[in-house]
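Quick caveat, the model's predicted, so the values are computed rather than measured. Lettering follows sequence order; numbering is per chain, from 1. Hydrogens, waters and symmetry mates are skipped; everything else that's a heavy atom, side chains included, is used.
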Amino acid sequence: EAQVTQNPRYLITVTGKKLTVTCSQNMNHEYMSWYRQDPGLGLRQIYYSMNVEVTDKGDVPEGYKVSRKEKRNFPLILESPSPNQTSLYFCASSQGTTQYFGPGTRLLVL
Amino acid sequence: GEDVEQSLFLSVREGDSSVINCTYTDSSSTYLYWYKQEPGAGLQLLTYIFSNMDMKQDQRLTVLLNKKDKHLSLRIADTQTGDSAIYFCAETSGNQFYFGTGTSLTVIP
């Protein structure tokens with residue numbers, strides 16, 4: 001089944017404790033992206049990647065890092081999480097016009 | 001970044017038509033999209049329209065694009081309770097995607 005998977009689905013952490021949210025797709029898509037969803041703000045793009053070893057900043061990249069060492073994986077790294085990064089995070093992949101979204105990761109930073 | 005705006009809430013009676021509106025700022029957008037998000041789920045692409053089109057119909061869904069006014073709308077005919085969800089419009093500018101705030105559609109039985 002074609003899908004985008006994210007792990008973990010839920011995470012509670014404390015300020016400053018590094019964390020990684022994994023994202024994997026099995027559709028051989030070149031384009032992958034991370035978004036955060038906040039009430040009243042919709043989805044905002046954090047980082048995107050056009051292909052392996054190619055990553056670019058989206059609208060809200062501060063406090064986040066990404067890497068794209070393999071085509072299927074696009075992890076999101078929070079080196080020193082802060083409470084304002086409490087949010088719902090979505091990974092997506094696409095080839096052409098259709099983006100496929102993962103199920104989301106709900107992060108709470110205390 | 002680009003601005004994509006939507007009203008936050010819409011309520012309709014079951015069987016009526018729903019119209020969800022969106023305005024955007026980037027006149028060079030290539031594609032404009034409508035996504036649906038059901039509670040606790042990710043986003044699902046409903047439909048998209050290429051910027052050189054002004055209308056697209058897909059079963060109960062009709063997308064209208066007014067490029068001059070930078071206005072996009074989604075009409076859902078014969079709205080059902082299963083259509084209750086958050087609807088996002090989105091545009092691409094270069095390699096980036098810009099989403100609206102989402103419109104929460106409530107269908108009243």
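The distance from the OH atom of A:Tyr47 to the CD atom of B:Gln96 is 11.5 Å, given to the nearest 0.5 Å. Annotation: the span from A:Asp38 atom CG to B:Thr101 atom OG1 amounts to 12.0 Å, rounded to 0.5 Å. Rounded to the nearest 0.5 Å, atoms CZ (A:Phe101) and CD (B:Gln44) are 11.5 Å apart. A distance of 13.5 Å separates CG in A:Leu43 from OH in B:Tyr98, rounded to the nearest 0.5 Å.
Side chain of A:Tyr31 to backbone of B:Asn95: a donor-acceptor contact under 3.5 angstrom is found.
The number of heavy atoms from other shown groups lying within 6.0 Å of CZ (B:Phe50) is above 12. When the shell of 6.0 Å around CD1 of A:Ile12 is examined, it contains 12 or fewer heavy atoms from other residues, nucleotides or ligands. By the neighbour-count criterion of 12 heavy atoms within 6.0 Å, atom CZ of A:Arg106 is sparsely surrounded, having that number or fewer from other residues, nucleotides or ligands. Residue-environment remark: OH (B:Tyr24) exceeds the threshold of 12 foreign heavy atoms within 6.0 Å.
With a 4.5 angstrom heavy-atom cutoff, A:Leu41 touches chain B only via backbone atoms. For chain B, the nearby part of A:Gln37 is the side chain; its heavy atoms alone come within less than 4.5 Å. When heavy atoms are compared at a cutoff of 4.5 Å, A:Tyr100 does not approach chain B at all.
Between A:Gln99 and B:Tyr48 there is no side-chain heavy-atom pair separated by less than 4.5 Å.
Each of B:Phe99, B:Phe97, B:Tyr31 has some count of heavy-atom pairs under 4.5 Å with chain A, and the biggest count is that of B:Phe97.
Note: the hydrophobic cluster containing B:Leu61 also contains B:Val63 (ILVMFWY, side chain heavy atoms under 4.5 Å, direct or indirect links).
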